[in-house]
Visitor: 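So that we are looking at the same thing, I have put the structure below in structure tokens.
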2 protein chains.
Amino acid sequence: MIKQEGTLALPGNTEVTNSQPSTFAGEKKFQEIFQVANTTRNQLCPVRDIVARISDKWSMLAIFALGGFGTLRFNEMKHKIGDISQRMLTVTLRNLEADGLVTRTVFPEIPPRVEYQLTPLGYGLMQQFSLLADWATDNGEQILRCRQLQRNAS
Amino acid sequence: MIKQEGTLALPGNTEVTNSQPSTFAGEKKFQEIFQVANTTRNQLCPVRDIVARISDKWSMLAIFALGGFGTLRFNEMKHKIGDISQRMLTVTLRNLEADGLVTRTVFPEIPPRVEYQLTPLGYGLMQQFSLLADWATDNGEQILRCRQLQRNAS
DNA sequence: CCGTATCCACTACGATACTG
DNA sequence: CAGTATCGTAGTGGATACGG
């Protein structure tokens, strides 16, 4: 007997052919993304680069903070995010700035004032990313349930 | 003089008011995402959890490989991804399985045969994620250019 | 064929202290 | 206020060897 875990994405075909089932539309598109993302020992890949950028511990929060509140000063962000360290906020913002996702404006005053804002590029990224966030809020619970079942089974 | 780096997301308003400029539509939506994602010392957040899952080094590639090619055996994936180690492919697939994103089907044969496939959940995630990948392929070059300029300036 | 087990290198991150 | 500098730790991923 076959050990089958979970449910399949596609209705099981009793007749297995070499071609993929017709329900598998869009397949080629994902193949292309795979090929692009799979830059085995080649040059760097924009997709993986961008995922890497937004997927560290704080970048996503920083981006959505700026998208949600507009312009923010350093300590405003630090206060909003709550448990981020000064160091990590600096590092995060510097990285985002280096990628052209946020601007950093220094006002030569005493005490110093520094304002951060999303660039059009950063705003676009956030919009795309918010779609993924929507999906995550819709389906996150199901994933967590799967994880629980898995842990209980082990 | 103000030290201004990069370009701003919004046209500069000479008159600054307390309210955000009207071009900043969608602000509230992003505030909400921020609030949800910013689970400061609260329980876990589905958005961050899912980002964490797809943002390790190999999960994204594994998902798109399955989405692009349908059903794959262990060594087929390993061959397609190229420079992934056996250990990391196992770990990656086990994590995806635990989250209900892929199924793992063991055929009790000698030699053993194990097939992996996306679940509906995993397929949905990949579709959302592919939109982000599209954005990345469109805008990745610009980000890389920004990064180059930054490095040359330093 | 499809894994585990073990060890090791690297780096992301946090805590703390100090500065213009 | 808005950072830097330094150090310690924990987790991630690679190489290698072995097992059912």
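The chains referred to below are lettered A, B, ... by the order of the sequence lines, with proteins before strands, and numbering in each begins at 1. Below, all heavy atoms of this structure are taken into account, side chains as well, without hydrogens, waters or symmetry copies.
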Visitor: Could you tell me the separation between the CG atom of A:Asn95 and the P atom of C:dT11, rounded to a whole number of Å?
Guide: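 Distance, rounded to whole Å: 14 Å.
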Visitor: What is the distance from CE of B:Met77 to C1' of C:dC1, rounded to the nearest Å?
Guide: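 Going from B:Met77 (CE) to C:dC1 (C1'), I get 16 Å.
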Visitor: Consider the side chain of B:Arg87, meaning its heavy atoms from C-beta on, and name the nucleotide among C:dG3, C:dT6, D:dG3 that approaches it most closely.
Guide: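 In terms of side-chain proximity for B:Arg87, the closest of C:dG3, C:dT6, D:dG3 is C:dT6.
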Visitor: Would you tell me whether B:Gln117 and B:Thr71 have side-chain atoms, one donor and one acceptor, within less than 3.5 Å of each other?
Guide: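 Note: B:Gln117 and B:Thr71 side chains meet the donor-acceptor criterion.
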Visitor: Counting just side-chain N and O atoms, does B:Arg104 come under 4.0 Å of either OP1 or OP2 of C:dG3?
Guide: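 So the side chain of B:Arg104 is within the cut-off, an N or O lying under 4.0 Å from OP1 or OP2 of C:dG3.
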Visitor: Between A:Lys29 and B:Asp134 (salt bridge meaning N to carboxylate O under 4.0 Å), is one present in this structure?
Guide: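 So A:Lys29 pairs with B:Asp134 through a salt bridge.
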Visitor: Expressed in angstrom and rounded to an integer, what is the separation of A:Ile110 atom CD1 from C:dG20 atom C1'?
Guide: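 Distance, rounded to whole Å: 8 Å.
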Visitor: Expressed as a whole number of angstroms, how long is the span from B:Leu93:CG to C:dC1:C1'?
Guide: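 It is 15 Å, rounded to the nearest whole Å.
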Visitor: Return the value, rounded to whole Å, for the distance between atom CD1 of A:Ile84 and atom P of D:dA2.
Guide: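 After rounding, the gap between these two atoms is 14 Å.
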Visitor: Assign each of A:Ser55 and A:Pro112 to its nearest nucleotide of DNA chain C by heavy atoms, then name whichever residue's nucleotide is nearer the 5' end.
Guide: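 Its nucleotide being nearer the 5' end, the pick is A:Ser55.
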Visitor: May I ask you to verify if any side-chain N or O of A:Arg113 is less than 4.0 angstrom from the OP1 or OP2 atom of D:dG3?
Guide: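 No.
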Visitor: Could you state the atom-to-atom distance from CG of A:Leu89 to P of C:dA15 in whole Å?
Guide: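 Roughly 14 Å, once rounded to whole Å.
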Visitor: Would you say B:Tyr116 places a side-chain N or O within less than 4.0 Å of OP1 or OP2 belonging to C:dC2?
Guide: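 It does not, given that no N or O in the side chain of B:Tyr116 lies less than 4.0 Å from OP1 or OP2 of C:dC2.
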Visitor: Side chains of B:Asn95 and B:Thr92: donor-acceptor distance under 3.5 Å anywhere?
Guide: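 No, no side-chain donor-acceptor pair sits under 3.5 Å.
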Visitor: Show your reasoning for whether salt bridge (Lys or Arg N to Asp or Glu O under 4.0 Å) applies to A:Glu115 and A:Arg113.
Guide: CA-CA 7 Å; A:Glu115 288 186 351; A:Arg113 182 158 61 100; 2.9 Å; yes
Visitor: What verdict does the ring pair (Phe, Tyr, Trp, His ring centres under 6.0 Å) test give for B:Phe129 and B:Phe64, after you've listed the backbone C-alpha separation in whole Å, the side-chain angles of each residue and the deciding distance to 0.1 Å?
Guide: CA-CA 9 Å; B:Phe129 195 63; B:Phe64 278 111; 5.8 Å; yes
Visitor: If only side-chain N and O atoms of B:Arg94 are considered, is one of them under 4.0 Å from the OP1 or OP2 phosphate oxygen of C:dG3?
Guide: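 The answer is yes; a side-chain N or O of B:Arg94 sits under 4.0 Å from OP1 or OP2.
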Visitor: May I have the distance from B:Asp56 (atom CG) to C:dT11 (atom P), rounded to whole angstrom?
Guide: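 Roughly 18 Å, once rounded to whole Å.
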Visitor: Just the rounded figure in Å: distance from C1' of C:dC13 to CE of A:Met88.
Guide: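 Distance check: A:Met88 CE to C:dC13 C1' gives 5 Å.
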Visitor: In terms of side-chain heavy atoms of B:Phe74, which of C:dG3, C:dA15, C:dA17 is nearest?
Guide: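 Shortest atom-to-atom distance from the side chain points to C:dG3.
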Visitor: Quick check for you: among D:dA15, C:dC1, C:dC13, whose closest atom lies nearest to any side-chain atom of A:Trp58?
Guide: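 Closest nucleotide among those given: C:dC13.
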Visitor: Check every strand shown and say whether B:Arg73 touches a base, only sugar-phosphate, or nothing at a heavy-atom separation below 4.0 Å.
Guide: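 Sugar-phosphate contact only - B:Arg73 comes under 4.0 Å of backbone atoms but never of a base.
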Visitor: So A:Lys57, base contact, sugar-phosphate only, or nothing? Heavy-atom distance under 4.0 Å.
Guide: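 Sugar-phosphate contact only - A:Lys57 comes under 4.0 Å of backbone atoms but never of a base.
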Visitor: Between C:dG3, D:dT4, C:dC1, which nucleotide has the shortest distance from any of its atoms to the side chain of B:Gln86?
Guide: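 Nearest to the side-chain atoms of B:Gln86, counting from C-beta on, is C:dG3.
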